[in-house]
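By convention in this document, chain letters (A, B, ...) are assigned in the order of the sequence lines, proteins followed by strands, and residues within each chain are numbered from 1. The analysis underlying the following values was restricted to heavy atoms, covering all of them including side chains, and did not include hydrogens, waters or symmetry mates.
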Amino acid sequence: MKPAAFEYHAPRTVEEAVAVLAARGDDAKVLAGGQSLVPLMNMRLARPRAIVDLNRVRGLDRLGETRGVLTIGAMVRQRAAERSALIAARCPLLRDALGWVGHPQIRNRGTLGGSIAHADPAAEIPAVLVALGGEVTVRGPKGARTIRAADLFVTYLTTAIDAREVLTEIRIPAMPRGAGWSWMEIARRHGDFALAGVGVTLALRRGAIADARIGLTGVGPAPVRAAAAERLLTGAAPSEDLWQRAADAVRGAIEPDGDLHASADYRRHVAGVLTIRALREALVRAAAPGTAGRRRRTVT
Amino acid sequence: MSTRYLGARIARNEDPRLLTGRGLFVDDVQIHGLAHGAVLRSPHAHARLRRVDVRRARQAPGVLAVYTAADLGALNGPLPKLIPHPALVHHKTQYALAPQVVRHAGEAVAFAVADSRYAAEDALDLIDVEYEPLPAVAALEAAAAPGASRVHEDMPSNVCARYTQRVGDIEAAFARAPHRFAERLVLDRGTASPIETRGVVAAWDARAGRLDIWDSTQAPIPIRNGLARMFGLLQESVRVVAPDVGGGFGPKVMMFYPEEILVPFAAMRLNRPVKWIEDRREHFVATNQEREQIHDAEIAVDADGRILGIRTVFLYDAGAYNPYGLIVPIVASTTLPGPYRLPAYHCEFQAVFTNKTSVSPYRGAGRPHGVFVMERLLDRVARELGIDRAEVRRRNLIPADAFPYDVGLIYQDQAPLRYDSGSYAACLERALEMIDYADWPARQRALRAEGRYAGLGVGCYVEGTGIGPYEGARVTVEPSGRVAVATGVGTQGQGHATSFAQLAADALGVAPQHVIVHTGDTGLFGWGTGTFASRAATVAGNAVALAAKAVREKAQLVAAGILEAPPGEIELANGAAFVRGVPARSIPLGEVALAANPLRFAMPAEWDGPGLEAIRYFAPPQGTFANGVHACIIEVDPETGTLRFHKYVVVHDCGRVINPTVLEGQIHGGVAQGLGGAFWEQLVYDEQAQPLSTTFMDYLLPTAADLPPIEVDHLETPSPLNPLGVKGAGEAGVIPVPAVLAQALDDALAPLGVRITAMPLNPSRLVQVITDARRSS
Amino acid sequence: MKLDGTNALPAPIDAVWKTINDPEALRRCTPGLKELTATGPDRYQATLSVGIAAVKGTYAGTLTISDKQPPKHYKIVLEGSGGAGFMKGEGIVDLEAQGDETLLRWSGDIQIGGLIAGVGQRMLSGVGKMLIGQFFKCLEQQFGAAAAPGGTGERGK
Amino acid sequence: MARRDNGAGAPRDVTVTINGRAYHGRVEPRKTLADFIREDCGLTGTHLGCEHGVCGACTILMDGEAVRSCLMFAVQADRAHLHTVEGLADGDTLHPIQQAFWEHHGLQCGFCTPGFLMTTVALLRDNPHPSEREIREGLSGNLCRCTGYQNIVKAVAAAAEMLTSTAPGTATRRTAVREGARARRRTSERSKRRIPAGPAKAGSRRRRPAR
């Protein structure tokens with residue numbers, strides 16, 4: 001199980017990376033954390049003729065907040081994001097979801113940009129991006145462009161990013177202050193790809209749901225934002241009955257595949273179960289405002 | 001013999017090396033000029049090879065050779081048939097490289113050798129094979145059906161053996177029984193998957209005519225003997241070393257895997273050392289697997305739940321070849337009776353070829369199947385007759401005064417199945433106590449009131465261990481005072497370097513860390529069979545003890561001359577020989593060894609040779625039978641089908657315990673494999689017999705986060721069949737796990753009417769079972 | 001992997017029949033089909049590069065059409081092998097005229113073996129369905145019309 | 001394609017520091033870091049169990065963080081500071097984590113052990129007082145087929161105890177969170193550190209665990 005030969009490029013700047021990609025086209029593959037790509041290469045399932053390694057590109061590992069939007073460099077390691085006080089305070093849903101990405105050894109190398117660009121249909125980060133309506137910046141031969149999460153994920157392992165483009169930055173709107181959140185997932189073992197996973201945020205105003213976001217993973221070719229369920233929740237008063245109806249809406253919005261780990265029916269069923277549980281947990285957290293802020297104080 | 005170390009919790013001798021990265025596993029062998037091999041494997045489960053063109057591959061950079069079947073000359077023939085059986089009408093083994101037909105995905109077609117493994121894999125890409133696909137058969141029942149496409153075209157069907165054993169009058173038993181219950185019980189395929197895959201290194205010294213092999217095998221001596229025969233060398237000119245072996249669990253005791261011939265063949269042809277290391281994907285298709293059986297079983301009981309008779313008719317999946325004969329199904333059918341009295345028993349199986357990887361024993365080797373059937377039937381009796389499940393078992397147990405107990409069957413070693421000793425009732429009661437069985441109904445009610453689904457499972461088993469034919473050991477006291485022990489039985493993590501050291505240490509009055517044990521190196525000890533069937537401690541352990549005892553007697557004799565006292569007055573302790581009651585009259589044991597090897601003058605005739613050294617063999621006429629009980633409490637989330645373990649206990653009796661720490665480790669690991677095989681691990685094949693789970697992403701070994709802590713207690717009922725009174729324990733952990741987990745799930749989900757009849761499960765399947773049960777109730 | 005489905009194509013049955021027998025249309029619409037060279041009547045040599053993203057298998061093989069009952073029925077078989085293993089797709093196609101439109105019923109069986117089957121099972125059935133969906137979407141586009149309402153939904157398994 | 005001599009596909013020089021010692025090699029870009037460590041540097045304590053990032057046997061520390069060396073190419077590690085199992089003990093003195101694995105029978109065949117040890121070094125540095133659940137989850141990226149993990153978990157708990165009681169200050173909890181531009185600087189600082197939880201001085205001289 002050894003990779004086929006390839007040309008190795010380790011550019012220092014995004015421009016250099018784009019230049020190599022422009023020259024090599026479909027033959028080249030961008031290497032970020034490598035935690036998904038290298039196994040595929042070791043098995044010779046992927047045989048790129050050229051590798052463009054972003055690990056020595058400067059400036060892709062910045063993490064900050066601009067006007068209520070988290071800006072995350074494509075090469076920020078998942079482990080760094082998981083430990084980030086900023087993410088814990090402003091987007092605890094992302095922090096919680098990151099805890100489900102593989103194992104610490106994987107997250108030490110794996111990057112947020114890599115996970116998004118790889119677009120595994122059962123990955124956690126794309127579902128969070130979709131739920132929270134984030135966007136990414138990509139740079140290619142024609143310059144930079146922005147792709148909204150809703151337009152980004154096309155199908156299995158396929159995004160709207162062109163083979164000649166490099167994902168450079170991820171932007172995720174911070175969760176509203178006081179919003180509750182929950183990430184719920186069923187995997188065969190700790191750290192495995194999700195059989196189904198649900199991320200929820202819930203903001204309350206005067207006892208009613210002011211804003212609800214639901215993103216799912218593992219239940220189709222690409223991450224799903226459960227828009228119908230979100231509409232049903234928005235403006236309504238929280239109740240078990242409402243959660244049940246949201247779960248039904250989620251189940252109606254997905255087309256899961258079956259595989260040897262779980263049937264399509266199971267995934268659909270569990271997506272609903274997890275939606276209910278996530279809504280319950282998010283409500284508890286929303287009802288106790290300042291949870292995220294408190295957490296931040298203890299971390300920093 | 002003053003016992004000090006037998007039964008002690010000695011930290012292991014082998015650990016400092018392994019902890020500091022100084023172990024020597026096969027892949028760690030580095031020799032100057034080492035070349036690397038890679039095997040081209042069939043992607044088809046069944047196909048005729050129309051053409052294998054290796055010309056392009058041979059010309060690739062760094063490639064030294066590419067071999068096909070035609071290149072193997074005299075070695076192009078079926079590999080040895082290991083264990084014949086009169087009932088086996090078709091004994092089929094594969095070739096080192098398939099000559100014409102491949103019969104499972106992963107069967108070896110060509111072997112490339114290059115400067116690096118990378119280049120060798122590049123060469124595989126350049127081999128052009130034209131396959132003519134043939135119909136493949138995957139499902140066991142379909143393969144057994146008349147008219148099924150045949151795995152071996154020279155056979156009239158895929159059934160390679162039918163074998164029946166009977167005890168008592170089964171028809172009469174069923175005819176007069178007031179209650180009869182039938183079940184169809186299924187276990188699917190799994191694999192041992194040690195973290196170290198297989199691997200072979202061969203170095204040929206053409207001038208000396210010497211072949212050195214490092215092989216991750218559980219049976220280095222038979223490998224050496226076979227290689228010598230195949231390559232026309234003296235056994236003495238072939239040395240096979242099983243160095244540190246990174247787990248075995250059964251599949252590494254195959255004589256031969258193709259690579260065990262291909263690697264030395266290439267090394268001799270190229271006159272260059274060659275290494276082949278199986279990668280994980282290869283492991284999932286090229287290393288033997290196990291476990292698939294379908295039992296149609298029926299039990300007849302009286303009104304009190306006492307067993308009158310059991311009948312099981314089952315199918316056993318042999319895979320594409322059956323080098324190991326009928327061992328697994330015979331072990332399954334002879335393990336089924338377990339600790340219970342069966343006045344009548346009928347077991348009948350068909351062994352069936354399928355286009356899947358060959359089957360040979362994997363830890364348990366049929367025992368989990370037998371126990372699953374027996375215990376599921378008893379659970380059915382308990383439920384139908386309204387008898388407490390522990391009580392049903394109690395009523396049927398063989399009592400403590402019934403030993404030796406003849407079951408009336410022939411065991412895998414072709415000897416009568418005769419239990420030597422056991423503690424069946426005591427083990428059960430102790431396990432019930434540890435799991436708080438008496439309190440369970442109340443606790444379960446309380447949990448149910450909270451809407452929680454928790455269940456308890458308990459199951460009993462008897463484990464056949466310690467079978468012959470023989471093992472041997474050489475024990476030598478060196479002038480340094482250290483003791484060298486050599487035995488043919490290799491170790492794959494079982495701690496032989498410590499357990500055997502304890503036995504020698506007790507006999508010779510030295511500390512166990514001064515006993516250096518070498519296993520699995522035919523250059524150091526050349527007689528033996530291998531590590532399998534939970535036999536090392538019993539068979540090799542007794543050989544070590546006997547040899548050490550002989551050395552002790554010799555040391556007494558030699559020391560007697562020096563210390564001027566009768567040999568009977570000489571004691572050995574603390575690394576010295578001394579006169580009983582006069583510790584001052586002593587001499588270090590190393591000096592006794594030195595004196596036993598004189599440079600000049602006459603040697604006393606009664607020494608019977610020089611040195612403090614002896615070789616002894618232990619050849620038990622039959623196996624010895626350990627027993628135990630597992631119990632667990634689990635909680636099920638019926639909405640998601642996920643499990644949480646509250647408690648897992650094992651009470652185990654394998655006779656005298658040599659090292660409780662090592663023994664507990666064996667139990668822990670066995671339970672983990674059992675649980676893995678019950679809920680996480682499954683080898684899935686599609687209808688065309690394509691293996692779908694050939695990575696660790698799809699074949700799921702449980703992790704630390706998935707498994708519960710396991711509480712272990714030991715009872716010690718010595719075996720009367722060997723001087724140490726020991727029995728084996730290697731498979732104890734794994735045997736009853738599917739049965740116990742199934743019962744616990746039934747118990748937890750009783751309000752939903754769930755009954756588990758097939759393993760392994762997973763969350764999706766469990767939710768399906770729950771849904772089906774709800775629908776039908 | 002067994003799949004079937006029904007597609008309504010906005011063209012008369014004879015036109016559809018012609019198109020599904022046209023090697024150029026087949027080449028254009030079969031995902032990953034790079035080359036198609038006739039070796040006999042209804043027999044072609046094919047080169048395929050099938051997969052998604054960086055995971056692609058290259059296969060050399062054949063495409064054959066048999067059991068022809070113009071303009072209503074045929075069997076199409078596409079098979080190939082390569083480093084990533086082998087693939088074989090078999091489809092039975094039935095056409096039924098519905099006025100100016102044609103109803104295309106198909107049932108197929110896809111076999112995949114070797115590396116991709118053993119490693120890619122998690123996405124295999126989904127990707128298989130997706131590729132077949134792409135095939136029919138392309139066919140519809142051959143007739144220069146958008147998909148008929150509900151027309152392209154293929155039912156899995 | 002084993003030997004290309006054109007530019008980017010050609011063998012490259014790689015220099016790494018492993019356990020404080022410099023190693024140099026010339027390798028094809030495709031050579032994995034694990035193979036480089038084992039074959040070119042001769043440090044065979046790091047094992048390969050799956051080569052697809054699941055079993056964890058190849059876990060090493062790179063610039064202080066536990067990573068899977070089978071999922072990196074050697075060229076990517078050029079100029080990095082690596083730690084492998086061979087660097088844990090100080091001469092004959094076992095690292096407290098090794099000592100704990102010995103005392104608690106945390107290994108059987110020993111093949112997966114180096115990966116567990118290196119994972120544990122990072123785990124206990126980041127969380128010096130883990131609960132049993134945290135230990136189990138922290139180890140869930142390493143597979144063991146022999147032990148059922150029970151004695152490994154016990155050993156890690158015991159090692160945590162030994163590290164925090166015998167070597168105060170060596171296993172400081174890293175609460176600082178690296179963000180933005182600071183990350184790179186911190187990474188390079190960390191890479192200069194030796195393995196944070198070094199062998200305790202007194203009391204843990206490689207001693208045979210007595211019963």
Side-chain angles (χ1 to χ4, degrees), chain B residues 38 40-47 49-52 56-57 102 104-107 109 121-136 138 191 279-286 355-357 682-700 764, chain C residues 1-4 39 43 45-64 66 75 77-92 107-129 132 156-157:
Chain B
L40 182 74
R41 300 186 182 282
S42 167
H44 292 269
H46 196 190
L49 301 172
R50 279 194 190 141
R51 185 169 51 87
V52 183
R56 273 204 312 151
V102 288
H104 68 87
E107 189 162 351
V109 173
E121 291 191 20
D122 292 346
L124 300 188
D125 282 347
L126 299 172
I127 299 174
D128 188 10
V129 186
E130 193 182 333
Y131 296 94
E132 176 192 337
L134 300 170
T191 184
D279 70 32
R280 184 56 60 182
R281 232 168 42 77
E282 291 184 280
H283 184 81
F284 280 110
V285 292
N355 289 111
K356 296 185 285 192
T357 299
Q682 185 173 17
L683 289 168
V684 180
Y685 288 80
D686 75 5
E687 288 166 14
Q688 274 74 40
Q690 277 295 323
L692 300 182
S693 37
T694 66
T695 70
F696 274 159
M697 293 177 287
D698 287 321
Y699 189 82
L700 308 179
S764 178
Chain C
M1 179 167 44
K2 289 190 167 47
L3 300 162
D4 58 63
T39 56
R43 286 191 65 85
Q45 208 160 44
T47 308
L48 290 120
S49 172
V50 190
I52 36 167
V55 183
K56 276 201 168 64
T58 302
Y59 305 96
T62 57
L63 186 151
T64 51
S66 58
K75 179 177 172 183
V77 177
L78 179 61
E79 53 190 323
S81 62
F86 65 90
M87 60 84 60
K88 181 177 183 182
E90 239 180 59
I92 308 275
S107 63
D109 188 2
I110 301 176
Q111 294 174 26
I112 293 173
L115 179 59
I116 286 184
V119 173
Q121 70 80 25
R122 197 159 56 92
M123 296 179 211
L124 213 54
S125 78
V127 170
K129 275 188 245 172
I132 289 174
K157 298 199 187 181

Could you check whether atom CD of C/Glu79 has more than 12 heavy atoms from other residues, nucleotides or ligands sitting under 6.0 Å from it?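 Counting neighbours around CD of C/Glu79, more than 12 heavy atoms of other residues, nucleotides or ligands fall under 6.0 Å, so yes.
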Region of B/Arg281 that comes under 4.5 Å of a non-hydrogen atom in chain C: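 Contact with chain C is through the side chain of B/Arg281 alone.
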Contact part of B/Glu130 toward chain C, heavy-atom cut-off under 4.5 Å: side chain, backbone, both or neither?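 Neither part, no heavy atoms under 4.5 Å.
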Keeping to residues at least two apart or across chains, list the salt bridge (Lys or Arg N to Asp or Glu O under 4.0 Å) pairs with something in residues 51-62 of chain C.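 Qualifying pairs: none.
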Between C/Gln121 and B/Gln690, is the side-chain contact (heavy atoms from CB on, under 4.5 Å) condition met? List the steps. CA-CA 11 Å; C/Gln121 70 80 25; B/Gln690 277 295 323; over 6 Å; no
Strictly less than 4.5 Å between heavy atoms, which residues of residues 107-115 of chain C line up against chain B? Please order them by number.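 Interface residues of residues 107-115 of chain C: C/Gln111, C/Ile112, C/Gly113, C/Gly114, C/Leu115.
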Nearest-0.5 Å distance, OG of residue C/Ser81 to CG of residue B/Asp128: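 Atom-to-atom, C/Ser81:OG and B/Asp128:CG are 8.0 Å apart.
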Closest heavy-atom pair and its distance - B/Pro43, C/Gly85: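 Closest heavy-atom pair between B/Pro43 and C/Gly85: CB-CA, 4.2 Å.
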For B/Asp698 and C/Val119, which heavy atoms make the closest approach, and how far apart are they?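 That would be OD2-O, 3.8 Å.
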Is any side-chain heavy atom of C/Lys88 less than 4.5 Å from a side-chain heavy atom of B/Gln688?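 Counting from C-beta outward, C/Lys88 and B/Gln688 never come under 4.5 Å.
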